Amino acid sequence: MIVSLRVNGQDVELDVEPDVTLSRVLRERMGLTGTKESCSRGECGACTVLIGGRAVVSCLVLAARVREEITTIEALADEALPLRKAFSEHGAFQCGFCTSGQIVRATALLRSGVLRECADPECTIRKEMSGNICRCTGYAPIVDAVLQAAGRS
Ligand code: FES
Ligand code: FES
């Protein structure tokens with residue numbers, strides 16, 4: 001079937017199987033390999049992208065069902081510069097496999113503005129990013145990096 005998607009500001013039409021996931025389309029049909037796929041069942045967050053501005057795990061989304069604009073890590077390079085810098089400064093990644101998803105999820109969190117005013121930003125970050133699993137870092141450096149990018153460290 002032919003699906004029409006808007007990805008990172010561009011309209012694309014692709015001939016895909018009805019049951020193919022968005023993560024597969026992004027990686028295998030569009031070459032957007034910044035979106036990682038690990039568990040393929042919605043548990044790790046590695047495949048997180050923005051759909052209509054909301055952070056979504058793309059391994060659970062059928063490409064044919066997406067109607068809103070998709071934004072991947074590739075299109076967030078400039079906006080996420082403070083996050084990228086903070087991740088680097090805090091050593092918030094080791095293998096890096098989870099990092100794209102972490103940055104995408106954190107971008108959505110920063111955009112929401114909730115970290116500017118909440119009484120306990122660390123607790124909020126831990127709760128909001130709990131769907132993004134990291135096997136390497138123990139999470140503290142990731143939380144510290146997001147706090148820094150939010151101006152709350
Ligand atoms: S690969 Fe999608 S949540 Fe793990
Ligand atoms: S840095 Fe390795 S899984 Fe997060």
Side-chain angles (χ1 to χ4, degrees), residues 1 3 5-8 10 12 14 16-112 114-115 121-150 152-153:
M1 66 184 291
V3 297
L5 300 173
R6 186 165 177 80
V7 182
N8 296 341
Q10 295 202 320
V12 293
L14 297 166
V16 301
E17 295 298 320
D19 60 350
V20 73
T21 62
L22 178 60
S23 55
R24 289 285 163 87
V25 167
L26 292 171
R27 289 180 52 82
E28 297 170 10
R29 301 293 304 279
M30 300 188 67
L32 295 168
T33 54
T35 300
K36 305 303 181 192
E37 184 158 345
S38 181
C39 70
S40 305
R41 54 186 190 189
E43 293 178 357
C44 75
C47 63
T48 303
V49 300
L50 302 180
I51 300 180
R54 296 180 307 283
V56 176
V57 286
S58 58
C59 71
L60 291 188
V61 176
L62 296 180
R65 302 289 296 269
V66 180
R67 298 288 177 268
E68 296 175 281
E69 175 152 14
I70 300 152
T71 306
T72 69
I73 187 69
E74 285 86 352
L76 295 175
D78 291 339
E79 179 179 350
L81 191 57
L83 274 170
R84 292 163 54 203
K85 188 165 175 288
F87 267 60
S88 176
E89 289 176 1
H90 288 276
F93 54 87
Q94 290 177 29
C95 78
F97 204 81
C98 72
T99 307
S100 297
Q102 303 277 7
I103 296 280
V104 172
R105 177 83 55 182
T107 297
L109 183 55
L110 290 176
R111 281 183 182 178
S112 76
V114 67
L115 294 177
E122 176 175 341
C123 181
T124 301
I125 291 167
R126 287 187 181 277
K127 177 166 167 280
E128 295 294 327
M129 296 193 60
S130 61
N132 286 65
I133 306 297
C134 178
R135 295 171 58 138
C136 303
T137 64
Y139 300 102
I142 294 172
V143 173
D144 289 343
V146 179
L147 281 169
Q148 178 176 310
R152 296 296 305 266
S153 56

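Nothing fancy with the numbering, it's 1 onward along the sequence. As the structure lists them, so they are numbered: ligands from 1, and atoms in each ligand from 1. Model, not experiment: these values are computed from the prediction.
At a heavy-atom cutoff of 4.0 Å, ligand 1 is contacted by the backbone of S40 but not by its side chain. Using a 4.0 Å cut-off between heavy atoms, R41 makes no contact with ligand 1 at all.
Less than 4.0 angstrom separates some heavy atom of C44 from each of these atoms of ligand 1: 1 (S), 3 (S), 4 (Fe). Within the listing of ligand 1, atoms 1 (S) sit less than 4.0 angstrom from a heavy atom of S38. Annotation for ligand 1: atoms under 4.0 Å from non-hydrogen atoms of E43 are 3 (S). Residue G42 approaches ligand 1 through these ligand atoms, each under 4.0 Å from one of its heavy atoms: 3 (S). Taking every heavy atom of G96 and a limit of under 4.0 angstrom, the matching atoms of ligand 2 come to 1 (S), 2 (Fe).
Nearest heavy atoms, T35 versus E74: N-OE2, 4.3 Å. When all heavy atoms of A92 and I142 are compared, the closest pair comes out as O-CG1, 3.4 Å. G91 and T137 get closest at one heavy-atom pair: O-CG2, 4.5 Å. Between D19 and L62 the shortest heavy-atom distance is O-CD2, 3.6 Å.
Taking backbone and side chain together, C39 holds an N, O or S atom under 2.8 Å from atom 4 (Fe) of ligand 1. Put simply, C134 stays out of reach of atom 2 (Fe) of ligand 2, with no N, O or S atom under 2.8 Å from it. The distance from atom 4 (Fe) of ligand 1 to the nearest N/O/S atom of C59 is not under 2.8 Å. Among the atoms of C98, no N, O or S atom falls under 2.8 Å of atom 2 (Fe) of ligand 2.
Crowding of R6 atom CZ: a count of heavy atoms from other residues, nucleotides or ligands under 6.0 Å exceeding 12. A 6.0 Å sphere centred on CG of D78 holds no more than 12 heavy atoms belonging to other residues, nucleotides or ligands. Counted within 6.0 Å of CD on E17, heavy atoms from surrounding residues, nucleotides or ligands total 12 or fewer; the atom is thus considered open.
Formation of a donor-acceptor pair under 3.5 Å by the R152 side chain with backbone atoms of L115 is found in this model.
With respect to atom 3 (S) of ligand 2, the closest heavy atom belonging to the protein is R135 N, 3.3 Å. In terms of protein heavy-atom proximity, atom 1 (S) of ligand 2 is nearest to Q94 N, 3.2 Å.
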V143 vs R126, side chain to side chain contact (heavy atoms under 4.5 Å, CB included): CA-CA, chis, key distance, verdict | CA-CA 7 Å; V143 173; R126 287 187 181 277; 3.8 Å; yes
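Note: angle at atom 2 (Fe) of ligand 2, from SG of C136 to SG of C95, is 100° (rounded to 10 degrees).
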